[in-house]
Amino acid sequence: MIIDLPADGTLPTDIVCAHNRNRFHDTPFHQHSHHIELIVFISGNAVFYTKNQAFPIKPGYLIAIPNGVWHRVVSNDFSPYERIFLNVDLNLIKRLSTSQTDLFNCFKTSGRKEVNILGLNQNDLSQYISLCDQLIPTLDQDAFGDDVNQKILLSQILLMANKAHKVQIQPKNIIPKFLEEMTHYIDENLDQDLSLTAFSKNFYLSSNYLNKHFKKYLGISIHQYVTEKRIEQAKQLLRANLSVTEVCEKCGFGNYSNFIRSFSNHVGMAPGKYKRKYNETGR
């Protein structure tokens, strides 16, 4: 089953879970607000990206992604890529946790780490897959007991994630240091000039070299990356109830018409409509 999630990156329910298998996969950079995510990799040749990291993924890797972390996964070839992703609303995890058992533990990172890379042995992987495959059908059912069974299965899955050990030999970050510095520079200067000419001046490298290597390691051009980061920041500021004009300026779009067009193309709705939607729901 392949789930098509909303274009604006939001999740429609407290729990979203899918067991997917396809020949090629290329998600855009995205983050889910108010949800954590677990992705277990079963087979395939793919690379997991955050804004500062990229590493090849192996069967048995369980990636614990905290709320709001920017990420994507890209296949390297057409070999079957199989994985299960699970998104859970933060409030639901709080309700399932106790004073003795904090189910958020596996999502807590330290230092500059953005995600936790956990490992499941073959037996644990099989059990984890089985629990998720049992959970998925309950998400579309509302018969007597389905809600209780759903919470039981979800609790078991989260317990497995929290008991899983961090991978002893952490995969090497394949993003060169200067590109990591570039992504950090972009994050800190979204309201400034982020043209190729500006990058060339700041990093003392030709614009062609920078763009070529940026796309090689991150899978998208500098322009695409900057636009997507600005859109993500715009979504956060709109949810914080800033005016569309203020958001346009703070996110560095400059041209108001360009902002409306870019936001609508990426999110699937105009910024004014997006703002009303989230300030009405209160999330």
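Only a predicted model underlies this, so the values are computations on that prediction, with no experimental measurement involved.
- Taking every heavy atom of both residues into account, A54 and I175 meet most closely at CB-CG1, 3.5 Å.
- Salt-bridge annotation for K235 and E232: present, with a side-chain N of the basic residue lying under 4.0 Å from a carboxylate O of the acidic one.
- Donor-acceptor pairing under 3.5 Å is recorded for the side chains of E37 and H71.
- Without hydrogens or angle criteria, N116 side chain to A64 main chain gives no donor-acceptor distance under 3.5 Å.
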Intermediate values then yes/no, side-chain contact (heavy atoms from CB on, under 4.5 Å), Y185 and F199:
CA-CA 9 Å; Y185 180 84; F199 282 118; 3.8 Å; yes

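- Because its NZ or CZ atom is not both nearer than 6.0 Å to the ring centre of F78 and within 45° of the ring axis, R23 does not count as a cation-pi partner of that residue.
- The OG atom of S155 sits 11.5 Å away from atom CZ of R95, with the distance rounded to the nearest 0.5 Å.
- H19 approaches I136 most closely through the heavy-atom pair N-CD1, 3.6 Å.
- Note: I157 CD1 to L96 CG = 11.0 Å, rounded to the nearest 0.5 Å.
- Not one N or O on the side chain of D140 forms a donor-acceptor pair closer than 3.5 Å with the backbone of P137.
- Side-chain contact check for Q134 and S130: at least one donor-acceptor pair (N or O, by modelled atom type) lies under 3.5 Å.
- For the side-chain contact (heavy atoms from CB on, under 4.5 Å) with L196, the qualifying choice from N208, V226, N211 is N211, the only one to do so.
- Residue L118 holds its CG atom at 11.0 Å from CE of M160, rounded to the nearest 0.5 Å.
- The structure places CG of L125 at 5.5 Å from CD of Q122, a figure rounded to the nearest 0.5 Å.
- Taking both residues in full, the closest heavy atoms of S264 and P271 are given as OG-CD, 4.2 Å, listed atom of the first, atom of the second, then distance.
- Between the side chain of H35 and the main chain of T13, a donor-acceptor pair closer than 3.5 Å is present.
- Here the CD1 atom belonging to I222 is positioned 5.5 Å from the CZ atom belonging to F214, to the nearest 0.5 angstrom.
- Rounding to the nearest 0.5 angstrom, the gap separating the CG atom in L153 from the CG atom in D133 is 11.0 Å.
- Aromatic ring centres of F253 and F263: separated by at least 6.0 Å.
- Considering every non-hydrogen atom in both F104 and L90, the closest pair reads CZ-O, 3.5 Å.
- At least one donor-acceptor pair under 3.5 Å links the side chain of T183 to the backbone N or O of E180.
- Between the side chain of S97 and the backbone N or O of I93, at least one donor-acceptor pair lies under 3.5 Å.
- Taking the six-membered ring for Trp and the full ring otherwise, the centers of F24 and Y81 sit at least 6.0 Å from each other.
- Checking side-chain atoms of E249 against main-chain N and O of E246 turns up no donor-acceptor pair under 3.5 Å.
- Between the side chains of H34 and D89, at least one donor N or O lies within less than 3.5 Å of an accepting N or O.
- Distance alone, capped at 3.5 Å, is enough to place a donor-acceptor pair between the N162 side chain and the L103 backbone.
- Taking 4.5 Å as the limit, some side-chain heavy atom of I84 sits within range of a side-chain heavy atom of I42.
- Proximity of F55 to I117: side-chain heavy atoms (C-beta onward) are separated by under 4.5 Å at one or more points.
- Looking at Q224 and T227, their side chains never bring a donor and an acceptor atom within 3.5 Å of each other.
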